[in-house]
Asker: 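Once you've had a glance at the structure underneath, I'll fire off some questions.
Here is the naming used below: chain letters follow the sequence lines, and residue numbers restart at 1 for every chain. Quick caveat, the model's predicted, so the values are computed rather than measured.
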Amino acid sequence: MRKSYQADIEVLKGIDIVIEPGEFFVLVGPSGCGKSTLLRMIAGLEEISSGELYIGGAYANKLKPSQRELSMVFQNYALFPHMTVEQNIAFGLHVKKLTKVEQSQRCQEAAEMLGLTPYLKRKPRELSGGQRQRVALARAIVTQDPICLMDEPLSNLDAKLRTKMRSEIRQLQRKLGITMIYVTHDQTEAMTMADRMMILNQGEVQQVGKPLDIYNHPANTFVASFIGAPPMNMVNGYIQNGNVHLPCDTTLPKIHQDLAGEFTIGIRPEHLVRATNTDEATLHATVTNVEMLGTETLINFQLTEKLQWTARWQGQHAVPLGEKVSFAIKAEDLVFFDDQTKTNTFLEGAEVI
Amino acid sequence: MTIGKKIFLYLLLILSGFIMFFPIVYAFMISFMQGGEVLQGKLIPENFTLTNYINAFEKVPLLRYLINSLVVSTVIMLGQLLLCSLAAFAFVFTKFKGKNLLFMLFISTMMIPWEATMVPNFQTVQSLGWLNSFPGLTIPFFAMAFGTFLLRQQFKTIPIELYEASQVSGISRFKFFLTVVLPISKTSLITLGIYCFLTAWNMYLWPLLVTNDEKVRTVQIGLKQMQTQEIASEWGVVMAGVMLVILPTLLLIFVGQKRLQEGLTRGAIK
């Protein structure tokens, strides 16, 4: 499957991407970045201003939504309030020219897969949020279309249920082998579910790739701060004679020999470990807040007067507030972004667009 | 609320209710009175007989009129429901250029009193040769801005995702209208239906204009006719006719009151 866009001037700019069959592809970005618009363009609910969309190799710009052989799950589920669960699931099946028997058989299958069999005769308003979500899912899979589009399907659920549905959707997708295009603003969802993901900001593609690649090698400062919670720590600094100078009067010696000039320097919170005496590159700062989460501890500290960084330590550390703590930094954990373009200096030619 | 306040409030309500309802009660009483009793200023008839009612049916073809009214009102109700719901659907679920302007124009017709358009309407109906016919009585009332407005407000509460979901699954627009929009808007449709029926039933001026044949005359005209014929001598008969005419109205109000309130507020406020 291939789809490509060029410039929907207002909201989406020059998106060119191939989504493979059977792939779980996540579109992620802050609100208003155009990810839902992109999805709706794929669904045919929104017109494509320019560029071409191919579905399964066929030119699909002019196809009606129903001709594109895809199903869609909406954020508010879009269940028909006056129909029972069964009718909701089977709604639209008759268009596919199936016999009544086939219809009810498929309906049963889908309901069983999602554990909805006991609720088939109920109306949507008699169901809980998670069950409604499942009905919406069942309605999508019952059509057996090769592509399924999901527009923030989990955002109306509470945190616990969200985690559960996340893995359920993922398992379902694997089992059925459907191509999933999933829109979310939640980077955790994107990280945990995606085979590949695309990060959008203000209608522009920031980076496309496997979640871990993106996490480890963010293409620019936006991706670095958007992916990962807490986000990557960043600060403006410069490199001279291979020494990295941070604005907090800290110099990390002999880190990069072949770089020089101004950079935005980033480091993931988990890479700021507690310094032991032998570490060369260290950072001293005053602790301003400590959050103990059980398995890990988040430590906020004042890097400069205006800038706070966060470190993530494994285990439980009762660090007193106001104490000076030393953090060790390894050269390979630092990420350098060009001061002007904000792009990752070491990612030239990699999967960047 | 203290008990005293409550008593006061209820007394006030009963009193105003009585004042409001007095004409109807009085008419009801008169409908049982014989000849001179009305002129004597009596409030309660000496004996309750149905003679007036029987007379009412005999003096004018009241049954015929009642049936005519029923047909006219029902047809107007159905026609209005059909056209208004289709128009409202178009205003909510389809995209076309100048939609809002058109809707404004449509709504602005609510500000023109119906009487102002009566002459051109009459001429149209006349040139179509619809005088003294059911089409002439009903068709001019099919497209109503109020009904369209009420239903549009209701349809707008239907999430657009429902429409998109049916588009994705390949349901046609009309099928969506039939199987989703109409069932969801049941309450509003019933409200509008009752409202239309009552307005049509109570219509006087238009039927008077376009009919002069008792075959299609409605019951309101029949009443007037009865009054003129009787020349105020037999008020009892006239009032018996009145009672028969307002009966369906009252019934509808009592049966549909809850729905009527529900629907009117739902459509307008939300």
Side-chain angles (χ1 to χ4, degrees), chain A residues 36 39-47 63-84 87-98 103 106 123-125 132 135-145 147-153 156 181, chain B residues 81-82 85-86 88-100 150-193 258-259 262-263 265-267 269-270:
Chain A
S36 284
L39 194 78
R40 292 165 56 84
M41 281 159 90
I42 300 172
L45 296 171
E46 208 102 10
E47 227 173 289
L63 288 183
K64 281 186 191 159
S66 54
Q67 294 168 324
R68 301 188 180 202
E69 294 201 329
L70 42 80
S71 55
M72 189 159 176
V73 176
F74 293 86
Q75 184 173 357
N76 61 3
Y77 317 142
L79 300 180
F80 302 107
H82 60 294
M83 296 181 184
T84 63
Q87 287 168 324
N88 260 295
I89 294 175
F91 188 74
L93 270 188
H94 68 97
V95 184
K96 304 225 168 226
K97 299 206 172 60
L98 294 170
Q103 278 184 32
R106 276 209 200 176
K123 294 268 175 76
R125 65 164 181 277
R132 283 182 211 176
V135 178
L137 280 178
R139 198 171 63 187
I141 62 169
V142 79
T143 58
Q144 301 184 354
D145 285 320
I147 304 167
C148 180
L149 310 177
M150 293 198 174
D151 190 357
E152 308 207 11
N156 286 346
I181 306 177
Chain B
L81 281 181
L82 183 77
S85 57
L86 283 171
F89 181 79
F91 277 127
V92 175
F93 288 103
T94 59
K95 282 184 201 160
F96 55 89
K97 262 194 192 138
K99 181 164 94 169
N100 283 329
L150 188 85
L151 290 180
R152 175 184 176 260
Q153 295 311 97
Q154 160 64 25
F155 290 176
K156 275 179 95 169
T157 63
I158 299 172
I160 191 78
E161 281 86 355
L162 291 188
Y163 182 51
E164 288 172 348
S166 15
Q167 272 183 302
V168 170
S169 42
I171 305 289
S172 70
R173 239 181 228 171
F174 190 64
K175 180 125 202 199
F176 173 70
F177 173 70
L178 280 185
T179 56
V180 179
V181 174
L182 290 188
I184 291 179
S185 313
K186 213 164 51 191
T187 324
S188 288
L189 288 169
I190 291 174
T191 311
L192 185 65
K258 213 173 160 201
R259 294 258 172 163
E262 231 175 59
T265 47
R266 176 195 285 196
I269 291 171
K270 231 183 194 172

Asker: Using non-hydrogen atoms only, which part of Thr143(A) is less than 4.5 Å away from chain B: side chain, backbone, both, or neither?
Answerer: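 Neither part.
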Asker: Just wondering, are more than 12 heavy atoms of other shown residues or ligands nearer than 6.0 Å to CZ in Phe174(B)?
Answerer: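 Open.
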Asker: Counting only non-hydrogen atoms closer than 4.5 Å, does Phe80(A) touch chain B with its backbone (N, CA, C, O), its side chain (CB onward), both, or neither?
Answerer: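 Both the backbone and the side chain of Phe80(A) come within 4.5 Å of chain B.
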Asker: If you compare all heavy atoms of His82(A) against all heavy atoms of Ile184(B), which two are closest, and at what distance to 0.1 Å?
Answerer: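 Closest heavy-atom pair between His82(A) and Ile184(B): ND1-CG1, 3.3 Å.
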Asker: Measure across Thr179(B) and Met83(A) and return the closest heavy-atom pair with its distance rounded to 0.1 Å.
Answerer: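 Minimum heavy-atom separation between Thr179(B) and Met83(A): O-CE, 3.8 Å.
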Asker: Taking all non-hydrogen atoms of both residues, which atom of Ala165(B) and which atom of Ala78(A) are closest, and how far apart?
Answerer: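 Looks like CB-CB, 4.1 Å.
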Asker: More than 12 non-hydrogen atoms from neighbouring residues, nucleotides or ligands closer than 6.0 Å to NZ on Lys64(A), yes or no?
Answerer: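 Atom NZ in Lys64(A) is not crowded, with 12 or fewer foreign heavy atoms closer than 6.0 Å.
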Asker: Ignoring hydrogens, what is the shortest heavy-atom contact between Pro65(A) and Gln167(B)? Give both atom names and the distance.
Answerer: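 Nearest heavy atoms, Pro65(A) then Gln167(B): CB-O, 3.7 Å.
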Asker: For Glu69(A), look at atom CD and say whether over 12 heavy atoms of other residues, nucleotides or ligands are found less than 6.0 Å away.
Answerer: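 At most 12 heavy atoms, drawn from other residues, nucleotides or ligands, come within 6.0 Å of this atom.
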Asker: Quick one: what part of Arg40(A) sits under 4.5 Å from any heavy atom of chain B, side chain, backbone, both or neither?
Answerer: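 Side chain only.
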Asker: Can you name the closest pair of heavy atoms from Leu70(A) and Val168(B) and give their distance?
Answerer: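 Shortest heavy-atom contact: O-CG1, 3.4 Å.
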Asker: How long is the gap from CG on Asn76(A) to CD1 on Ile160(B), to the nearest 0.5 Å?
Answerer: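 So the gap between those two atoms works out to 11.0 Å.
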